[in-house]
There are 2 protein chains.
Amino acid sequence: MSVVVAGIGETPMGKYPDRSIYEMIREAGHVAIDEAGIDPSLITAAYVGNFNGQQLLGQGHFGPLVMETLGMPHVPAMRVEGACVSGGLALLQGIEAIRSGRHKAVLVGGVEKMTHQTTAAVTGALTSAMDIEFEAHSGLTFPGAFALVAHRYFYEFRNVQREMAQVAVNAHDNALLNPTAQMHKAIDVDKVLNAPRIADPLGLYDCSLVTDGAAFLVLVSEDLAPNNGHRQVNIIGSGHGGDALTLHGKDSMTTFGATVRAAKQAYEQAGVSATDIDLAEVHDCFTITQIINTEDLGFFEKGHGGDAVAEGRTARTGDMPINVSGGLKAKGHPIGATGISQAIEVITQIRGGGGERQINKADIGLTHNLGGTAGTCVINIFQGA
Amino acid sequence: MSVVVAGIGETPMGKYPDRSIYEMIREAGHVAIDEAGIDPSLITAAYVGNFNGQQLLGQGHFGPLVMETLGMPHVPAMRVEGACVSGGLALLQGIEAIRSGRHKAVLVGGVEKMTHQTTAAVTGALTSAMDIEFEAHSGLTFPGAFALVAHRYFYEFRNVQREMAQVAVNAHDNALLNPTAQMHKAIDVDKVLNAPRIADPLGLYDCSLVTDGAAFLVLVSEDLAPNNGHRQVNIIGSGHGGDALTLHGKDSMTTFGATVRAAKQAYEQAGVSATDIDLAEVHDCFTITQIINTEDLGFFEKGHGGDAVAEGRTARTGDMPINVSGGLKAKGHPIGATGISQAIEVITQIRGGGGERQINKADIGLTHNLGGTAGTCVINIFQGA
């Protein structure tokens, strides 16, 4: 059963402490539903990604909240949560609902509201994505966890501090051409290297953003594919990989098993390999993470992700453009919506709607979304018809 | 594709402030996996219900946490959340994963740890199941919301205060025979009626419990059905109903549309009607809720659920035994695990393993799990082979 993307919609990403979740859900959700061009009553299920609503807003139970806000309260819906991969999991559940033939049209989306809280409160809430007893209660935070990963990578392969800085520069360069992005500010490698340290070797510009935003997709089966003037985009392969929640429970700190297992499933289902991918949005919660991800996805050899960055291969104009949107680093990281927002960039590029940041060839694209310290990974592969 | 229950396991329900979530997960999870009698490596996905871990423990991302704790860290897993129906949603996702043919064996479960916190903290966290802006921030709590429902029911039909008390008495009577139950204490109608008021007309004994516990199931496809000495139990129908999150957004406060819609799906898929059901575990977060649920499920006419209680029809020895386990009211309400724990009672009764509380005829049983103020409902129908 083919899975067709019928409609997409997202809010601008940014710091909007005064925007309500209701407003963001309506803005993104209605655009996606309208673009799908189907009778909304054909939508018979919804899957919503949200990570920190309970801790930062006191709000859970986002399934019916989203559907009531969109004026479709009778549609059964559920929240799925896997920390930063919550949006990816919502998308995956929607894909499987269509692929199994159980539903003909579903809404998938994510929403997160974070910037009304202090950085300390947000950092504290984010630790609920790691193991509290073995890690968070010992004082580990997410920048700390990925700083350990970076140091281990430096030890096993080589120091890629300068290439990490270039990852940040590429992200900011791309975001400058993305009106939806949170960050519109050119930076250079020196600025990244000289920025305040957050957790050595990660400086301020090595870390992704705290973001408010929402993103929605309508997925349909082939027979409901809309004729709305856009190139049709199909989802041809998906993967869901698991790994230990803790760092100490993983086989490796520099190869993320969750990514490797999800990629294997997704490539096999799609019938493509890493070399067939024209562009990818990968989970750059930190700059080191992007380098590791591009290796785990098979784009570059293990230990050589930094070389690819240094050679310009991952830039917008390179042969393997990564995070043309600006990524989590500069488009933004509205956690529960991030996996959906990544998909929207890939779909937009395949449709040829990337404007000034449109890449040359965009027929097959991939999204890679990671939860926690790589405890969960969802990968999806999109192809233009 | 048939869905077969291969293994079940749950902790005793109760106040265990010193038990860790890891300990509860291991205790319930390993029993379910061992009973399934299959090579654990056949389990290729897991779905975990948890509601309040982020607020009461600071812990989210329960998918990989559970699988790492059970020594199977590579199995992809996700948390699903719909307030008090989180366990039911996890079960539903597992059922659909098997029914679609996508997986041959999955683990579904739930865990909740609550009693280490104060009642005030728990009550506050529970409001994340309702709409925060229109309801919680206006001072509404869950007892308050269902007190409004009860008053409206009294207004539209008749005062069932005494029948509500009998619901509580039945629950306590049943729990006395359930070694897994949290509450082992006989009560009578006068005690319920004279108990301190929580939110009029709901008194202390009209409210379900705050509970620590975990419950797990292994579901498999027909070809992996175990030969473990137990009568085989199949899941023959499922339903997922949605409704507005808010009370003001619903069509009715005394007929829960989410239940009605989920029941229609489940009965149709199973090819049975309400009169075919031998026993049911229904969501008695409050005594009034049980009365409304039994009407919405079609067991009794609208407005006559109280009569059925008064006539003894819902007692363990009645013609429509409800909550033989003791229900949320007396077995306990470990929120994310509740929907799974309900299933375990129905499966146990169909297997004939109910001990002193075994009912006479138990071939087809139903579980009804509700989230928030009836914003989400999951219903499953089980049949003995």
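Residue numbers begin at 1 in each chain, while the letters A, B, ... track the order of the sequences. Keep in mind that the numbers below use all heavy atoms, side chains included, and drop hydrogens, waters and symmetry copies.
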ask   = Given side chains that start at C-beta, do those of A/Arg102 and B/Arg99 come closer than 4.5 Å, heavy atoms only?
value = no
key: Heavy-atom contact with chain B under 4.5 Å, split by part of A/Glu133   = both
Exercise: identify the closest heavy-atom pair between A/Gly372 and B/His61 = N-CE1, 3.7 Å
note = So, the part of A/Val80 with a heavy atom under 4.5 Å from chain B: the answer is both
inquiry  = Test your reading of the model: is there a side-chain donor-acceptor pair from B/Glu68 to the backbone of A/Leu245, 3.5 Å cut-off?
reply    = yes
key: residues 251-261 of chain B: residues contacting chain A (heavy atom under 4.5 Å, by number)   = B/Asp251, B/Arg261
Stepwise side-chain contact (heavy atoms from CB on, under 4.5 Å) check, B/His74 with A/Asp243 = CA-CA 5 Å; B/His74 293 185; A/Asp243 205 346; 3.9 Å; yes
message = Under a 4.5 Å cutoff for heavy-atom pairs, which residue among A/Met78, A/Met67, A/Met72 has the most contacts with chain B?
response = A/Met78
Side chain / backbone / both / neither for A/Ala244 at chain B, heavy atoms under 4.5 Å = both
message = Which residues pass the side-chain contact (heavy atoms from CB on, under 4.5 Å) test with B/Tyr16, not counting sequence neighbours?
response = B/Pro12, B/Arg19, B/Asp212
ask   = Rounded to the nearest 0.5 Å, how far does CG of B/Asp131 lie from OG1 of A/Thr69?
value = 7.0 Å
query = In terms of heavy-atom proximity below 4.5 Å to chain B, should A/Phe51 be classed as side chain, backbone, both, or neither?
reply = both
task = For chain B, find which of A/Cys84, A/Gly371, A/Ser20 contributes the most heavy-atom pairs closer than 4.5 angstrom.
result = A/Gly371
message = Taking side chain as everything from C-beta outward and backbone as N, CA, C, O, which of these in A/Ile21 sits under 4.5 Å from a heavy atom of chain B? Side chain, backbone, both or neither.
response = neither
Option that, when pairs with chain A are counted at under 4.5 Å, heavy atom only, ranks first among B/Leu92, B/Val48, B/Ile132, B/Val85 = B/Ile132
Heavy-atom pair with the smallest gap, counting every atom of A/Gly375 and B/Pro64 = O-CB, 3.7 Å
task = Return the minimal non-hydrogen interatomic distance between B/Gln93 and A/Tyr47, and the atom names on each side.
result = NE2-CE2, 4.2 Å
query = If only atom types and distance count, is the side chain of B/Gln59 paired as donor or acceptor with the main-chain N or O of A/Met130 below 3.5 Å?
reply = yes
query = Contact part of A/Ser86 toward chain B, heavy-atom cut-off under 4.5 Å: side chain, backbone, both or neither?
reply = neither
key: Any donor-acceptor pair under 3.5 Å from B/Gln54 side chain to A/Gln55 backbone   = no
